[in-house]
Amino acid sequence: MTTASPSGGPRFRFAPSPTGSFHVGGARTALHNWALARRLGGTFVLRIEDTDEARNRPEWTQGIIDALEWIGISASDDHFEGPHFQSANAEGHVAAAQRLFESGAAYYCDLSGQEVQDRAKELGITGYDGYSRDRGLEAAPGRVLRFRVPEGSTIVHDAVRGDVNFDNDTIEDFVLLRGNGSPMFLLANVVDDIDMAITDVVRAEEHLPNTPKQQMLWQALGATPPRWAHVPVLVNEQRKKLSKRRDKVALESYRDDGILPEAMVNYLMTLGWTPPGAEEAGSEIFSWAAMEEAFDLSDVTLSPAFFDIKKLVAFNKQYIKNMGVEAFVAAVDTDLPAEWDRSRFTAIAPHIMERLERLGDARELVDFLFLEEGADPELDHASWDKATKPEWAPALLRDVTETYASLADADWNHESLKASMESVMANYEVKLGKAQALPRVAVTGRSVGPPLFEAMEVLGQAETVRRLRGAVHRVEVPGTPE
RNA sequence: GCCCCCAUCGUCUAGUGGCCUAGGACACCACCCUUUCAAGGUGGCGGCACGGGUUCGAAUCCCGUUGGGGGUGCCA
């Protein structure tokens, strides 16, 4: 197994257990580890914690790698190492346990879970009381190996929270090997970290209570414990830890919703951390390069942060607006029907980019431009009723229609379309905002959408005029089916 | 129950004893701009959980209370 970074830099690790989806909280700690590994010239080790065989599937691993790739943690980057699999080191885990037993740091116990509970109840305590500590039991089926927690106290030096002191009296002699001989997570985790020469463990705060146990294990195994860092958990609106059951936590689901990875990364990184000097910037939008350079564990906030989708979407909107037409068209491509004319879409793209919260919203905003020959857009009746209401509206519509119909080919562009509209509306003494309302509904079917003249330019004269004439007919002949 | 962590606008945060009349961002509201909707501009609303100390001076330090969170498995 690998033991050091080629560069000799610090070794971080990200150790997810493979389950169906990739948790946004996991994404955040992965990002923290990644930023640090790269900035410090170290290594990001990916280790799949696949010990719990019952709930694992091989394809989950690929899911993790894909998700990491999506947020910019590339397996082909020099700072990336792995994936390693915890299951591959099962022998090492057991061997370590054996060493612990031989050195007296661990001992066997034949009490069942139920018996431990009964004893605790009888003694009026909680947990395991150390019943078998000095009974000198040997290994045997059904017996668990427990760690002999030493006297005293354990201080965890944490890079985000400072020193945390645990009184060893409050830590029971925890299980290392199950009755069937298989290693527990805590043991496997530590053994792997030691074997992989991990120097820095950066993970979510929920692991903090486990840390003194792990630190004792490192020491009992003759290794120097890593630097620890526990970042606060992400919570939902009820301030509870984000849970798979109740909350939308799958990174993939945000990707499918049309959240840009850059927006997700920016949001996740600035959740509980602000780059120094950010206030002067007046914005919370930062490039990965800037965040990677500035990220430091000592600047991470101490309290749990609410994962606010509204703010995520706000970030996303910013990123879509600024992404560049070409990249935008490429990004939405898979959301668009295959038969849509891409060059036509590219023409309207600049006008919709600053109106989108999510990539997926693009389609319905411009669908009226991609109907079959001679088909009318679906009409929003409320908008139609409202737009036809003013007395001058039908007449203005008729005039605009005929003006547009008589426009020369060369003049079919948004400037002259606007100018023509303006000269017509002057006769009715209405402003452009109102004048464009009915033509808009006539052409797009709705009252909101991309800028009208630009849209009509893209739609083309023949189709635009056809739709306008249809609308003229509809207002003039009451009862015409819409 | 026990252990551990935490506590600034609705949310994410800046703030490490005087620059704080507490700053920014998101959200919300108003106005301006405007080709609808957006975007953009300007302004507004809104917070140091509470009580004691320490100090000339406390959002910042200490203690307590309250509140929230995490953990407490032969899960990971």
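Only a predicted model underlies this, so the values are computations on that prediction, with no experimental measurement involved. Sequence lines set the chain letters: A, B, ... in the order given, protein chains first and strands last, and positions in each chain run from 1.
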With the side chain defined as heavy atoms from C-beta on, A/P304 is closest, among B/rC5, B/rG69, B/rA7, to B/rG69
Does the side chain of A/L459 come within less than 4.5 Å of A/R467's, by heavy atoms?
yes
Show your working on salt bridge (charged side-chain N to carboxylate O under 4.0 Å, His left out) between A/K386 and A/D380 and close with a plain yes or no.
CA-CA 10 Å; A/K386 194 175 173 203; A/D380 179 69; over 6 Å; no
Could you work out the separation of B/rA7 and B/rG15 based on their C1' atoms and round it to a whole Å?
15 Å
If the C1' atom of B/rG46 is compared with that of B/rU8, how far apart are they to the nearest Å?
12 Å
Could you tell me how far apart A/M421 (CE) and B/rU36 (P) are, to the nearest whole angstrom?
12 Å
Can a cation-pi geometry be assigned to A/K213 and A/F174, taking NZ or CZ under 6.0 Å from the six-membered ring centre and within 45° of the ring axis?
yes
Mind checking A/K431 for me? I need base, sugar-phosphate or nothing, with any heavy atom below 4.0 Å counting as a touch.
nothing
Describe the nucleic acid contact of A/R440 in one word from base, sugar-phosphate, nothing, applying a heavy-atom distance below 4.0 Å.
base
I'd like to know if the side chain of A/D247 reaches the main chain of A/S243, judged simply by a donor and an acceptor atom lying under 3.5 Å from each other, with no hydrogens or angles considered.
yes
If I take atom CG from residue A/L260 and atom CE from residue A/M323, how far apart are they, to the nearest 0.5 angstrom?
4.5 Å
Nearest listed nucleotide, side chain of A/H207, among B/rU36, B/rA76, B/rU13
B/rA76
CG of A/L187 versus C1' of B/rA76: gap in Å, rounded?
14 Å
Complement of B/rA22, any strand, by Watson-Crick or G-U distances under 3.5 angstrom
none
Nearest whole angstrom, please: distance from the C1' of B/rA76 to the CD of A/Q86.
9 Å
Using a 4.0 Å heavy-atom cut-off, does A/L302 contact any base of the nucleic acid, only the sugar-phosphate backbone, or nothing at all?
sugar-phosphate
For residues A/Y108 and A/R135, determine if any side-chain heavy atom of one lies less than 4.5 Å from a side-chain heavy atom of the other.
no
With a 3.5 Å distance limit and no angle check, can you tell me whether A/Y404 reaches the backbone of A/L417 through a side-chain donor-acceptor pair?
yes
From B/rG40, B/rU35, B/rC5, nucleotide with atom closest to A/H414 side chain:
B/rU35
A/N165 CG to B/rC4 P, straight-line distance once rounded to whole Å
8 Å
How close or far is atom P of B/rC9 from atom CZ of A/F306, stated in whole angstroms?
15 Å
Across all strands, who's sitting opposite B/rA58 as a Watson-Crick or G-U wobble pair, both distances under 3.5 Å?
none
Could you give the distance separating B/rU66 and B/rG23 at their P atoms, to the nearest angstrom?
33 Å
Protein N or O to nucleotides 25-32 of chain B N or O, pairs below 3.5 Å:
| residue | atom | partner | partner atom | Å |
| --- | --- | --- | --- | --- |
| B/rA25 | O2' | A/E284 | OE1 | 3.1 |
| B/rA25 | N3 | A/K311 | NZ | 3.0 |
| B/rA27 | O2' | A/K310 | NZ | 3.4 |

If I pick the P atom on B/rC61 and the same atom on B/rU72, what distance separates them, to the nearest angstrom?
31 Å
Among B/rG71, B/rC6, B/rC3, the one nearest any side-chain atom of A/E206 is B/rG71
Integer angstrom distance from the C1' of B/rC9 to that of B/rC75
40 Å
For B/rC45 versus B/rC26, give the span between their C1' atoms, rounded off to a whole number of Å.
15 Å
Please confirm whether any donor atom in the side chain of A/E237 sits under 3.5 Å from an acceptor in the base of B/rU11, or the reverse.
no
Regarding the side chain of A/F166, the nearest nucleotide among B/rU35, B/rC12, B/rC4 is B/rC4
Presence of salt bridge, A/D361 and A/R355, under 4.0 angstrom
no
Ring centres under 6.0 angstrom apart (A/Y254, A/F307)
yes
Residue pair A/D257, A/K248: steps toward the salt bridge (charged side-chain N to carboxylate O under 4.0 Å, His left out) verdict:
CA-CA 12 Å; A/D257 276 358; A/K248 182 168 169 170; 2.3 Å; yes
Taking any heavy-atom pair under 4.0 Å as a contact, classify A/S447: base, sugar-phosphate, or nothing.
base
Determine whether a donor-acceptor pair (one donor, one acceptor, N or O, separation below 3.5 Å) exists between the side chain of A/R355 and the base of B/rU36.
yes
Answer yes or no: does a side-chain N or O of A/T126 lie under 4.0 Å from OP1 or OP2 of B/rC2?
no
By nearest-heavy-atom nucleotide on RNA chain B, the more 5' of A/Q436 and A/K241 is A/Q436
Atom pair distance, as rounded to whole Å: CG in A/L208 and P in B/rG71
11 Å
Mapping A/W273 and A/V164 onto RNA chain B by nearest heavy atom, which one lands closer to the 5' end?
A/V164
Taking atom C1' in both B/rC48 and B/rU16, compute the distance separating them and give it to the nearest angstrom.
15 Å
Which word best sums up how the rings of A/H207 and A/F185 line up, parallel for under 30°, tilted for 30 to 60°, or perpendicular for over 60°?
tilted
Dump the pairs, protein N or O against N or O of nucleotides 72-74 of chain B, anything under 3.5 Å, distances to one decimal.
| residue | atom | partner | partner atom | Å |
| --- | --- | --- | --- | --- |
| B/rC74 | O2 | A/G179 | N | 3.0 |
| B/rC74 | N4 | A/L111 | O | 3.1 |

Does any nucleotide pair with B/rG1 by Watson-Crick or G-U wobble geometry, both distances under 3.5 Å, and what is it?
B/rU72
Using the C1' atom on both, measure B/rA22 against B/rA58 and round to a whole Å.
13 Å
Atom CD1 of A/I348 and atom C1' of B/rC37 are separated, to the nearest Å, by 13 Å
Pairing partner of B/rC28 (Watson-Crick or G-U wobble, both distances under 3.5 Å):
B/rG44
Can you tell which of B/rG68, B/rU35, B/rA76 lies closest to the side chain of A/F185?
B/rA76
Which part of the nucleic acid, if any, lies within reach of A/P212 when heavy atoms closer than 4.0 Å are counted: base, sugar-phosphate only, or nothing?
nothing
Candidates A/I352, A/T444, A/V448 - the one meeting side chain to side chain contact (heavy atoms under 4.5 Å, CB included) with A/L365
A/I352
Taking side chain as C-beta onward, heavy atoms only, is A/R161 less than 4.5 Å from A/L208?
yes
A/I352 CD1 - B/rU35 C1' separation (whole Å):
17 Å
Describe the nucleic acid contact of A/T270 in one word from base, sugar-phosphate, nothing, applying a heavy-atom distance below 4.0 Å.
sugar-phosphate
As a test of reading the structure: which of B/rU35, B/rU13, B/rA7 is closest to the side chain of A/L432, going by heavy atoms?
B/rU35
